[in-house]
Amino acid sequence: MSIADLIIKESKKKTLHFSLLDPDKQSPKVAGELAKIAEEAGSSAVMVGGSTLTSCKQVDDTVKIIKNNSKLPVILFPSGAKFLSKYADAMFFMSLLNSRNLGYVIREHVKGAKFVKQVGLETISMGYLIVEPGMTAGKVGEVDLVKRDDIGTAVGYALASQYLGMKFFYLEAGSGAPDPVSDEMVSAVKQKIDIPLIVGGGIRNIKEARKKAKAGADIIVTGTTLETENNLSVSLRRLVEAIEE
Ligand code: 1GP
């Protein structure tokens, strides 16, 4: 079974948690240790990516160590064609739908496609939408941010993603956002689409994670908490349990 199909199947049973590791934020060794903790806590996959990467080697080194340290699927979350790794299990073949820069919408994909074919990476198509405040991803991605209360526009992008054949839709507030996307936006999008809804950006505690799960998120992504929590193994396990309920 492909990783995408496995995720879709599992997400029908419970809300899943994905751990995001940015190779620019810690050494590969630390990333490997964090992946092990994430696996033990019940996270379902490790996403690897970030907006400020500088080399493909950074991604390769991080992915290799994560693969050595855990059995979780490693899914690339790439910001460009230069940051792909043959060592990953799959990649989000994602289009940053509200970018003004066509590179993030489709042209980087064209540049990377031959490499993807050559190494046989599983591609998981995903519509990616950045909502205020957007943080670094919003700036680097040259995004026309969707306003926090503009639910109609978010629903339009989500439906357009589904109609274009995307397998997943990701509502993103930006890594480290002071507030995640609103529960109202999550709920309205979830009610309209049939593909799994991923929500991330600014989810830093159990209460917020549970609210997003209740609002309809199928998958919750956290990144910053992995880097900052003192007692990560306990707090992440609690968060995963809270969204599964
Ligand atoms: C970024 O949504 C993810 O793409 C993670 O955000 O770092 O705020 O958890 P945080």
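Atoms within a ligand are numbered from 1 in the order they appear, just like the ligands themselves. The basis for the numbers below is simple: all heavy atoms, side chains too, and nothing from hydrogens, waters or symmetry mates. Heads up: numbering here begins at 1 and tracks the sequence.
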Enumerate the pairs of nitrogen or oxygen atoms, one from ligand 1 and one from the protein, separated by less than 3.5 angstrom; state names and distance to 0.1 Å.
unit_1: ligand 1; atom_1: 2 (O); unit_2: Tyr170; atom_2: OH; d: 2.9
unit_1: ligand 1; atom_1: 2 (O); unit_2: Glu172; atom_2: OE1; d: 3.4
unit_1: ligand 1; atom_1: 2 (O); unit_2: Glu172; atom_2: OE2; d: 2.8
unit_1: ligand 1; atom_1: 2 (O); unit_2: Gly201; atom_2: N; d: 2.7
unit_1: ligand 1; atom_1: 4 (O); unit_2: Tyr170; atom_2: OH; d: 3.3
unit_1: ligand 1; atom_1: 4 (O); unit_2: Glu172; atom_2: OE1; d: 2.4
unit_1: ligand 1; atom_1: 4 (O); unit_2: Glu172; atom_2: OE2; d: 3.4
unit_1: ligand 1; atom_1: 6 (O); unit_2: Gly201; atom_2: N; d: 3.4
unit_1: ligand 1; atom_1: 7 (O); unit_2: Ser175; atom_2: OG; d: 2.6
unit_1: ligand 1; atom_1: 7 (O); unit_2: Thr224; atom_2: N; d: 2.8
unit_1: ligand 1; atom_1: 7 (O); unit_2: Thr224; atom_2: OG1; d: 2.5
unit_1: ligand 1; atom_1: 8 (O); unit_2: Gly176; atom_2: N; d: 2.7
unit_1: ligand 1; atom_1: 8 (O); unit_2: Gly202; atom_2: N; d: 2.8
unit_1: ligand 1; atom_1: 9 (O); unit_2: Gly223; atom_2: N; d: 2.8
unit_1: ligand 1; atom_1: 9 (O); unit_2: Thr224; atom_2: N; d: 3.3

(request) Would you please test His17 and Leu236 for side chain to side chain contact (heavy atoms under 4.5 Å, CB included) and show each step? (result) CA-CA 10 Å; His17 176 266; Leu236 190 57; 3.6 Å; yes
(message) Regarding Ser19 and Ser43, do their side chains bring together a donor and an acceptor under 3.5 Å, going by distance alone?
(response) yes
(message) Would you compute the distance between atom CD1 of Ile193 and atom OH of Tyr157 and round it to the nearest 0.5 angstrom?
(response) 15.0 Å
(request) Return the minimal non-hydrogen interatomic distance between Ile243 and Ala209, and the atom names on each side. (result) CG2-O, 3.5 Å
(message) For residues 169-216, which residue pairs pass the ring-ring contact (aromatic ring centres under 6.0 Å, His included) check, not counting sequence neighbours?
(response) Phe77-Tyr170, Tyr128-Tyr170
(request) To the nearest 0.5 angstrom, please state how far the NZ atom of Lys111 sits from the CZ atom of Arg107. (result) 9.0 Å
